[in-house]
Chemist: 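Here it is, the structure, as structure tokens.
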Amino acid sequence: MSAQPVRPPIVILGGFLSRPGLYRAMQRTLADEAGVRVSVVNVGVLDWLLTVSTLGWRAILRKLDRTIRDALRESGRESVVLVGHRSGG
């Protein structure tokens, strides 16, 4: 019997004007089904509203980068599965 391959952690980045709490059920389901750490990037409505400037986008990218680095460090893996959600039409 061979060992199951260790899957990479999952990082969820919510869509425009979303907040992390909207993805908690998805986070729990993915963690239960995949058996891996699942993180939701802490980007809220205010963060999205600030994307009218370059500084707003930089702040979101820094949060995404921090979340990915934390997931990699805690899992010992070299990659993550990034799940992005597009809000709106």
Side-chain angles (χ1 to χ4, degrees):
M1 179 193 231
S2 63
Q4 289 280 21
V6 178
R7 295 177 176 157
I10 298 170
V11 173
I12 301 169
L13 177 61
F16 185 67
L17 296 180
S18 67
R19 57 190 188 281
L22 297 174
Y23 297 93
R24 295 299 179 218
M26 179 192 292
Q27 180 183 26
R28 284 190 300 272
T29 300
L30 286 171
D32 291 345
E33 293 295 323
V36 298
R37 171 195 163 104
V38 180
S39 304
V40 179
V41 183
N42 189 23
V43 175
V45 174
L46 181 58
D47 295 302
W48 288 115
L49 291 174
L50 295 175
T51 60
V52 296
S53 78
T54 304
L55 294 176
W57 284 108
R58 286 183 186 162
I60 288 175
L61 291 173
R62 277 194 300 274
K63 288 182 176 191
L64 174 61
D65 181 65
R66 186 177 324 120
T67 304
I68 290 172
R69 288 177 187 271
D70 288 347
L72 292 174
R73 185 183 69 254
E74 291 177 17
S75 69
R77 299 286 297 186
E78 295 181 1
S79 64
V80 300
V81 173
L82 179 61
V83 176
H85 176 245
R86 178 176 173 248
S87 295

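Every heavy atom of this structure was used, including side-chain atoms; hydrogens, water molecules and symmetry mates were not.
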Chemist: Would you mind reporting whether Leu72 and Val80 have side-chain heavy atoms less than 4.5 Å apart?
Modeler: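 With C-beta onward as the side chain, the pair touches.
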Chemist: For residues Leu13 and Val83: do they belong to one hydrophobic cluster (side chain heavy atoms under 4.5 Å, members Ile, Leu, Val, Met, Phe, Trp, Tyr)?
Modeler: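 No; tracing contacts between hydrophobic side chains, which count when under 4.5 Å, never links both residues.
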Chemist: Spell out, as yes or no, whether a donor-acceptor pair under 3.5 Å connects the side chain of Arg7 to the backbone of Val81.
Modeler: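 Here the side-chain-to-backbone pair does not exist.
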Chemist: State, yes or no, whether a side-chain contact exists between Val11 and Leu64 at a heavy-atom distance under 4.5 Å.
Modeler: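 Of all side-chain heavy-atom pairs linking Leu64 with Val11, at least one is under 4.5 Å.
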Chemist: Can you name the nearest heavy-atom pair linking Pro9 to Ala71, along with the distance?
Modeler: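 Closest approach of Pro9 to Ala71: CG-O, 3.8 Å.
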Chemist: How far apart are the closest heavy atoms of Ala31 and Val38, and which atoms are they?
Modeler: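 Nearest heavy atoms, Ala31 then Val38: N-CG2, 3.5 Å.
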Chemist: Same cluster or not: Val43 versus Leu46, using hydrophobic residues (I, L, V, M, F, W, Y) connected whenever any side-chain heavy atoms lie under 4.5 Å apart?
Modeler: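 Each belongs to a different hydrophobic cluster.
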Chemist: Run the numbers on Asp65 and Arg62 for salt bridge (Lys or Arg N to Asp or Glu O under 4.0 Å), then give the verdict.
Modeler: CA-CA 5 Å; Asp65 181 65; Arg62 277 194 300 274; over 6 Å; no
Chemist: What about Ile12 and Ile60, same hydrophobic cluster or not, with Ile/Leu/Val/Met/Phe/Trp/Tyr joined at side-chain heavy-atom distances under 4.5 Å?
Modeler: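 No, Ile12 does not connect to Ile60 through the hydrophobic network.
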Chemist: Would you say Val45 and Val41 are hydrophobically clustered, going by side-chain heavy atoms of ILVMFWY under 4.5 Å?
Modeler: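 Yes, it is one cluster - the side chains of Val45 and Val41 are joined through contacts under 4.5 Å.
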Chemist: With no hydrogens and no angle check, is any side-chain donor or acceptor of Asp47 less than 3.5 Å from a backbone partner on Gly44?
Modeler: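 A pair under 3.5 Å: yes.
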Chemist: Would a single hydrophobic cluster contain both Leu82 and Phe16, if residues Ile, Leu, Val, Met, Phe, Trp and Tyr are joined by side-chain heavy-atom contacts under 4.5 Å?
Modeler: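 As far as the 4.5 Å side-chain criterion goes, Leu82 and Phe16 are connected within one cluster.
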Chemist: Taking C-beta and beyond as the side chain, do Val40 and Thr67 meet within less than 4.5 Å on heavy atoms?
Modeler: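 They are not in side-chain contact.
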Chemist: Answer yes or no: are there more than 12 heavy-atom neighbours, outside Arg24 itself, under 6.0 Å from its atom CZ?
Modeler: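 Enclosed.
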Chemist: How long is the gap from NZ on Lys63 to CD1 on Ile68, to the nearest 0.5 Å?
Modeler: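 Here the interatomic distance stands at 14.5 Å.
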